[in-house]
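All chains are named by letter (A, B, ...) in the order of the sequence lines, taking the proteins before the strands, and each is independently numbered beginning at 1. Everything quoted here is computed from the prediction, not taken from an experiment.
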Amino acid sequence: MSSTPVRVRIAPSPSGYLHVGTARTAIANLLFARHYEGAFVIRIEDTDKERSKAELIEPITDALKWLGIESDESLVYQSQRLNQYGQYAGKILDAGHAYRCFMTAEEIEAERKLARQEKRNPDYRTPSLSLSEDEIHERVAANVPHTIRLKIPNGETTFDDMVSGHLKKANVDLEDLVLARSDGTATYNLAVVVDDHEMGISHVIRGNDHITNTFKQVLIYRALEWEPPVFGHLPLILRPDKKKVSKRLGDKDVNEYQKEGILPEAMFNYLCLLGWSPKEDREVFTVPELIERFTEKNFNASNAVFDEEKLLAINKAHIMLKSDHELATLVAPLLVEADLTTKYWLETRWEYLRHVVGLLKERVTRLDDFPAQSGFFFQFDYTYDEKAAGKHFTPEAAEYLKKLYERFASLSRFDAESLEKTLSDLADELGVKRAKLIHPTRLAVSGVPVGPSLYHMLQVLDQRVVLERLEKAIEHIQKQNS
RNA sequence: GACCCCAUCGUCUAGUGGCCUAGGACGACGCCCUUUCACGGCGUAAACACGGGUUCGACUCCCGUUGGGGUCACCA
């Protein structure tokens, strides 16, 4: 690593949502900055006036914030720097590295078509440079619309990429790109170079779909006699059909994963593994652990398919990493939202919530699974699963439950251990398998045939509730069979 | 089409010339644990795209082929 201080940026354009590719790039930049104790800045590339509305930017910064990513400095808006760029196009022009191009859109299109037919690059230079100084001055004075094009030099353009190594391109494969539009504003490539230079950006880490731009930008740096930053082009994130992820093709934005109960830590963890590897037999990490490990040496060059199954597995792992208290804090609003209980009720019974969450967490994949699986902990009016009831709510089960009710009612300590012993003893006395008691009991207190360990579940529900529910189930069975 | 990037199990990857009869994870399958569902444990199937070199020796280096991806705007 060079000794210059690390300053990196991400440069999203206002799209109204954060897609996983941008999120991954943000994560990589943040981790890189933190690892080298540098700065991380967000710059909004909104030079396209039609797309510079706040409502298209906020969803992006909000989603980044959710992931724990915020700019170390105030946000930079390219739109507010628009008039900074003009002078640089002029500077390049004065230095003889660019020229004024008076070709009309039709002429350009015709030239492109012809060039394509003749299998060569389009030539904007000959018609433009054949003009004399006087002719050019005349047209400029008369406000004849024109662009300023970079004069691509002979030779080849190279740079050393942190991901792909030494990259080079023959300049004949590059065409004279527009630096300044006919209205005087800078195009993307000029603006990026100027901004990165003026912001003191040391490393540009972005998707490898930018490689072609990088060759052009390196040429602009040279024309301006500036030292280019170090580049790193990360592999792209692909959909299962191997196409680049995009909202247009129906891919989710980061916000949707949030709504589906994915933890930000899990998203962060998973995304950073796409295009980078800790090179260990381990892949669940906290952010500090990632910061410690994240260096350019571990970058990967090949594109990666986004696998939701794996994201889910990582999510599950991060849920297990959280304390019951932390999880309760995250789950509480979801329970209220699902109308299972109220904020007030939970606040007065936080211990209870913590126990419920602790009981459920190892059989949950997403945060949404908590409200989906915990209804009976908060509501009494559940119905019995029909199939399970048909199987377990038999007349004899009612008799067993009655006996169990009596035993449970007389217990002074209502904990998992004594509950298990009580139930086992009863089963032995009755000469039946424990399952004969366990299944109807589970169904009676929860309404469903699956769930956490029965005894722990009973303990959390508590004696009064358990007895009520057993009674209700007994009545239900008797009604069914009368 | 041109140019650029890439190429190990279905997917994410480890591997930097001999440690590889190729390791891990997700997923799949089986077994164990277990009242259920999970968790956990154990195990099975599953890959070096192909062809040439270089070398005593290639997954590892070079070249080519094939395949995949990306970029080709006065959009960013």
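The partner of B:C33, taking Watson-Crick or G-U wobble pairs whose two distances both stay under 3.5 Å, does not exist in any strand shown. Pair assignment for B:C59: none, as no Watson-Crick or G-U wobble contacts are both less than 3.5 Å.
Between A:Phe231 and A:His233, the angle of the ring planes stays under 30°, which puts this pair in the parallel group of the 30/60° scheme.
Not a single donor-acceptor pair, N or O on each side, falls under 3.5 Å between the base of B:C4 and the side chain of A:Thr212. Within 3.5 Å, no donor on the side chain of A:Asn121 pairs with an acceptor on the base of B:A2, nor the reverse. For a distance-only test at 3.5 Å, the side chain of A:Arg363 fails to qualify as a donor-acceptor partner of the base of B:C39.
Atom name P, nucleotides B:A73 and B:A14: the rounded distance is 35 Å, in whole Å. Distance noted for atom C1' between B:U55 and B:C61: 10 Å (whole Å). Comparing B:C9 with B:A28, their C1' atoms are spaced 12 Å from each other, to the whole Å. When the C1' atom is used for both B:A7 and B:C59, the distance is 12 Å, rounded to whole Å. Distance noted for atom C1' between B:U65 and B:G27: 33 Å (whole Å).
Comparing A:Ser453 and A:Asp281 against RNA chain B, the residue whose closest nucleotide sits nearer the 5' end is A:Asp281.
At the heavy-atom level, A:Gly275 lies under 4.0 Å from the strands shown only through sugar-phosphate atoms.
The one candidate from A:Trp276, A:Tyr257, A:Phe306 that meets the ring pair (Phe, Tyr, Trp, His ring centres under 6.0 Å) condition with A:Tyr270 is A:Phe306.
No salt bridge links A:Asp241 with A:Lys243; every basic N to acidic carboxylate O contact stays at or beyond 4.0 Å. Taking the charged nitrogens against the carboxylate oxygens, A:Glu109 and A:Arg112 have no contact shorter than 4.0 Å, which rules out a salt bridge.
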